[in-house]
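Below is one structure, written out as structure tokens; the observations come after it.
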Amino acid sequence: MIRKLNIAATLALSLAAAVPTAAAAAPLSTWYGRYAYSESLGRIGGGSPSEAPAAFVDHVLTIGRNGCTLVSQGFQTSQRIRCTVTPQGQSAIVKFYGYDGPARAARFSRGQPLLTLTRSGPRLLTRWQGMTRMDGSRPSQVAFRRQ
């Protein structure tokens, strides 16, 4: 009798583990692709605000089989970060791995979350974490878009 209960309990646990839950993470491969965000810094310099040039920083996140890169280029900005991605539920957590290119002072620690992308219907919500926008803020917003 005890043996039958153990077998039944083992079978029940095995079946429960096999049933996907709402919180189950989507496979990493569903995140493969290129995501971009163009961050407007407003008008900078010039004699008057209407004559000042508009400044931007373009961020491009590429996620693939061999990891990911996060490139930021624009006004007073040039950085290329190697990263890792961890799927969690409907989100992908982008974590710092290292800098690509010449060595520089570490602004982030390895494994530190930089940002999290979360699917919300047709939108992609960006939650800034270790990485901030150029103004230093960390809002949750629709920022990165899949290209």
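When reading the values below, keep in mind they use all heavy atoms of this one structure, side chains included, and skip hydrogens, waters and symmetry mates. Being a predicted model, the structure only gives us computed values, none of them experimental.
Taking CG from Asp58 and OG from Ser38, the interatomic distance works out to 4.0 Å, rounded to the nearest 0.5 Å. Between the SG atom of Cys68 and the CG atom of Leu114 there is a distance of 8.5 Å, given to the nearest 0.5 Å. Residue Thr116 holds its OG1 atom at 5.0 Å from CD1 of Ile93, rounded to the nearest 0.5 Å.
Residues Leu61 and Arg34 have side chains not in contact (no heavy-atom distance under 4.5 Å, counting atoms from C-beta outward). At a threshold of 4.5 Å between non-hydrogen side-chain atoms, the residues Leu28 and Val85 count as touching. Residues Arg127 and Leu115 are not in side-chain contact: their nearest non-hydrogen atoms beyond the backbone lie 4.5 Å or more apart. No side-chain heavy atom of Lys95 sits under 4.5 Å from any side-chain heavy atom of Cys83. Arg107 is listed as a side-chain neighbour of Gln79, based on a closest heavy-atom distance under 4.5 Å. Looking at heavy atoms from C-beta onward, Met131 lies in side-chain contact with Ser72 at the 4.5 angstrom threshold. Counting heavy atoms from C-beta on, the side chains of Arg145 and Leu124 never come closer than 4.5 Å.
Among all heavy-atom pairs drawn from Gln147 and Ala36, the shortest one is NE2-CB, 3.3 Å. Nearest heavy-atom pair, Ser78 versus Gln73, reported as atom, atom and distance to 0.1 Å: OG-NE2, 3.2 Å. What you find for Pro87 and Ala26 is that their closest heavy atoms are CB-O, 3.3 Å.
Remark: side-chain polar atoms of Arg110 are paired, donor with acceptor, to backbone N or O of Tyr97 under 3.5 angstrom. Side-chain N or O atoms of Thr77 include one that pairs as donor or acceptor with a backbone N or O of Phe75 at under 3.5 Å.
Looking at Gln141 and Thr126, their side chains never bring a donor and an acceptor atom within 3.5 Å of each other.
With sequence neighbours excluded, the residues forming a ring pair (Phe, Tyr, Trp, His ring centres under 6.0 Å) with Tyr37 are His59, Trp128, Phe144, listed by chain and number. Taking Arg82 as the reference, Asp100 meet the salt bridge (charged side-chain N to carboxylate O under 4.0 Å, His left out) condition, with sequence neighbours excluded. Looking at residues two or more places apart in sequence or on another chain, you find a ring pair (Phe, Tyr, Trp, His ring centres under 6.0 Å) between Phe96 and Tyr99, Phe108.
In this structure, Arg119 is positioned above the aromatic face of Trp31, its NZ or CZ under 6.0 Å from the six-membered ring centre and within 45° of the axis.
In the hydrophobic clustering of this structure, Val60 does not group with Tyr32; members are Ile, Leu, Val, Met, Phe, Trp, Tyr whose side-chain heavy atoms approach within less than 4.5 Å, directly or through other members.
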